[in-house]
2 protein chains.
Amino acid sequence: MAETMTLKKIAGQLGVSYSTVSLAISGSPKVNQQTRKTVLELADSLGYRPNLNARSLKQKKSGFIGVIFPDFSQTYYRELMRDIYPALKERGYTGLFFTIDDNEDFSGIVSEIQGRGVEGVISGAHDHSPLMPLYKLGIPVVAYRRTAGVPFSYVDVDREKGAYMAGAHFAELGYKRMAYLGTHFEGREPRLIGFKAALSDNGIDLPDQYVVDGQGMEGGFTGMQKLLELSEPPRAVFAFNDSTAIGAMRAIQMRGLRIPQDVALIGFDNILECRYMTPALSTVAQPRQATAENLVNMLCETISSKSAGMRHVLLEPELIIRESCGARASLQTS
Amino acid sequence: MAETMTLKKIAGQLGVSYSTVSLAISGSPKVNQQTRKTVLELADSLGYRPNLNARSLKQKKSGFIGVIFPDFSQTYYRELMRDIYPALKERGYTGLFFTIDDNEDFSGIVSEIQGRGVEGVISGAHDHSPLMPLYKLGIPVVAYRRTAGVPFSYVDVDREKGAYMAGAHFAELGYKRMAYLGTHFEGREPRLIGFKAALSDNGIDLPDQYVVDGQGMEGGFTGMQKLLELSEPPRAVFAFNDSTAIGAMRAIQMRGLRIPQDVALIGFDNILECRYMTPALSTVAQPRQATAENLVNMLCETISSKSAGMRHVLLEPELIIRESCGARASLQTS
DNA sequence: CTGAAAGCGCTTACAG
DNA sequence: CTGAAAGCGCTTACAG
């Protein structure tokens, strides 16, 4: 087991003060070219790595950005994390990832974030409000998705608009009996609001029994079963997200019904899987890359400027027509 | 912005030494019940959180476990991470997650791990060898999957056996012309070896043209297309993993062929999606929960015992028969 | 351009 | 049971 190298030891071997070594390593211009070179070479050959905990302690900043999400396993979030990770790295930050489920308490995470000197937080939690203590401590929090009652900057996609596009597209295709399948937060979910608005603008009603709860593949599966048991099952279904839609597809196909000929379907998110379903899943795409970049940019700017102003970015969704909505007949990829 | 609380300030307010406060907070039995109570109450009301960087510096251990994986977005890995995360938490460790792609160099990650005082590493990298510097520094590394040429303890599933089960099952169903679809590392991939062995034990040959490369959904899709373009396409396909199989399903169904009537399919991993495909995907299940627990246990034991002995755990796979392999005719979930 | 010194917030022997 | 002191490894004014 190699003994840990420190600045002092390097300084000792070189016969210079360890502040000089520190300066040389941090690339300060105050240090002689020759001296720096000697120091760097020795440090390198000794495999020296600065102790980041000591540095964090002294500088009162850690280089950590906290990233909080509901679950490692939700497909859209995992794709978002993948995009956030390199964006953080590019700016010299290290992501500290936490997951949180809805009924877990945040206090452990909050302590950890505070205790580690995390410089800022990206929150994708369903409810951001437990992060208020951090905000009060002066730790910037940027939220993925708007949440009422919280003074955080946020990046969101215009889900209401995306849902409107889905509803309008269905209406255009001539469907009348439609359903919304997914979480709807007592009617406050923008996807439900937008979908309903599109139908209403086309003179179509969305009765309560055609609004069914369900989350994820399993929720989509059972929710869709309920819809199919209705005396008049819906002709077209807009799902909360693609995972929900995939669960719904299974329920439809298990009954021997065809998509889109018997039931048309549109999802939300545009996860990678959509293209590989049969039929390929039409969906409302979230601009994931832009979301990640905006979150990271916004946070970094808040950190460096220390400006406490709230900022909001609302990104545009895009309707991606594949096979499941019925606008195209043949099977194809894309 | 609240001023940060420190032990000293608490001690000052209470008129005791700050070492007493430290002891009280860390729950040492050396401190008077009454004193502790007072201290804890004040600390609590002041919102005191210990500075973990200072603690790490002093104790020379950070409470961090590094977790390295190829990608946030590979489905099986994300499921594994989800299981590792709580197991780590339960033991009082914080996971520091890193992703690494194959041609990226590890040096940044290695510095970070060393510099942050990470106490141990779980590596799911495709190649663990760049982690040797950590091992030499005395930082325990436990690998998910065996890798040759590296002295790390590992947890692996018996992929060769799992593949054998898939091949044997296909043989039993009477298929003769079969294919292996997926990465095979010049024939060294245990899945290919096991599959081939099963066929061979049943007197069936696996010609080279029925071994096709392909990774993930896209790789499975294009790889399967190649197989279907053969003058005699395979009757049954064993895929590297479920994502690959899902890509393959799409290619098969796009041609208007039926699964399993025209082409039978078995995947590997048993990701959540399998149950929701139509037809539901038969697969070789990895015991994911057990894998995560073994990885974490093994690492924690190595850390606390400081014993440098290598340990190996090989877990049993399980063949899960659903609809895509042809053993069952009707559509159903499970 | 280089060195001596203070101090970040904590833990941990060591006295008492 | 409590206090005084040293020190983890680093950075950063401050002198020179």
Side-chain angles (χ1 to χ4, degrees), chain A residues 2-40 42-43 46-64 111-119 137, chain B residues 2-40 42-43 46-64 111-119 137:
Chain A
E3 198 176 335
T4 63
M5 280 314 302
T6 67
L7 286 183
K8 257 182 194 159
K9 292 182 194 165
I10 294 180
Q13 292 203 25
L14 244 41
V16 297
S17 79
Y18 64 93
S19 46
T20 301
V21 178
S22 170
L23 259 16
I25 284 173
S26 64
S28 156
K30 295 198 211 159
V31 91
N32 188 320
Q33 283 296 340
Q34 185 51 46
T35 316
R36 167 186 300 142
K37 203 170 154 238
T38 326
V39 170
L40 256 35
L42 184 62
L46 259 32
Y48 170 74
R49 307 278 178 218
N51 181 319
L52 267 21
N53 295 134
R55 181 181 285 174
S56 302
L57 176 59
K58 181 62 189 173
Q59 293 190 145
K60 289 169 175 289
K61 57 181 194 178
S62 61
F64 280 133
S111 294
E112 181 90 19
I113 286 175
Q114 194 177 337
R116 298 274 182 199
V118 169
E119 300 181 43
L137 247 34
Chain B
E3 196 176 338
T4 63
M5 280 313 303
T6 67
L7 286 183
K8 257 182 196 159
K9 291 182 193 163
I10 295 180
Q13 292 203 26
L14 243 42
V16 297
S17 80
Y18 64 92
S19 45
T20 300
V21 178
S22 170
L23 257 16
I25 284 173
S26 65
S28 157
K30 295 197 212 161
V31 92
N32 188 320
Q33 284 295 340
Q34 184 53 45
T35 317
R36 166 186 301 142
K37 202 168 156 240
T38 328
V39 170
L40 256 34
L42 183 62
L46 259 32
Y48 170 74
R49 305 281 178 217
N51 180 319
L52 266 20
N53 294 135
R55 181 181 284 176
S56 303
L57 177 58
K58 180 63 189 171
Q59 294 191 144
K60 288 170 175 290
K61 57 180 194 179
S62 61
F64 280 134
S111 293
E112 181 91 19
I113 286 175
Q114 193 177 338
R116 298 275 183 201
V118 168
E119 300 181 42
L137 247 32

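In what follows, chains carry the letters A, B, and so on, assigned in the order in which the sequence lines appear, proteins first and then strands, with residues in each chain numbered from 1. Values below: every heavy atom of this structure, side chains too, minus hydrogens, waters and symmetry copies.
A:T20 pairs by the side-chain hydrogen bond (donor to acceptor under 3.5 Å, both in side chains) definition with A:S17, not counting sequence neighbours. B:I25 meets the side chain to side chain contact (heavy atoms under 4.5 Å, CB included) test with B:L7, B:V21, B:V39, B:L40, B:A43, B:Y48; sequence neighbours excluded. In terms of the side chain to side chain contact (heavy atoms under 4.5 Å, CB included) criterion, A:K60 has no residue partners (sequence neighbours excluded). Residues forming a side chain to side chain contact (heavy atoms under 4.5 Å, CB included) with A:R49 (at least two apart in sequence, or on another chain): B:S111, B:Q114. Applying the side chain to side chain contact (heavy atoms under 4.5 Å, CB included) test to B:Q33 and every residue at least two apart in sequence or in another chain returns B:R36.
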For a quick test of your reading: what N or O donor-acceptor pairs under 3.5 Å do the side chains of residues 51-58 of chain B make, sequence neighbours left out?
from: B:N51; atom 1: OD1; to: B:N53; atom 2: N; distance (Å): 2.8
from: B:N51; atom 1: OD1; to: B:A54; atom 2: N; distance (Å): 2.9
from: B:S56; atom 1: OG; to: B:L52; atom 2: O; distance (Å): 2.6

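Between A:T6 and A:K9 there is a side-chain heavy-atom pair separated by less than 4.5 Å.
Taking atom CZ on B:R36 and atom C1' on D:dT2, their separation rounds to 14 Å, with Å as the unit. One atom, NZ of B:K9, and another, C1' of C:dG7, lie 14 Å apart when rounded to the nearest Å.
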Return one dot-bracket line describing DNA chain C 5' to 3' (Watson-Crick or G-U wobble pairs, both distances under 3.5 Å; ( ) same strand, [ ] crossing, | another strand, . none). |||.||||||||.|||
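Interatomic distance, A:L46 CG to A:L42 CG, rounded to the nearest 0.5 Å: 4.5 Å.
OP1 or OP2 of C:dG3 sits under 4.0 Å from a side-chain N or O of A:S17.
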Protein-proximity profile, nucleotides 8-16 of chain C, B/S/- by nucleotide at the 4.0 Å heavy-atom cutoff, equals BBBBB----
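In this structure, A:S56 reaches neither bases nor backbone, as no heavy-atom distance under 4.0 Å exists between it and the strands shown.
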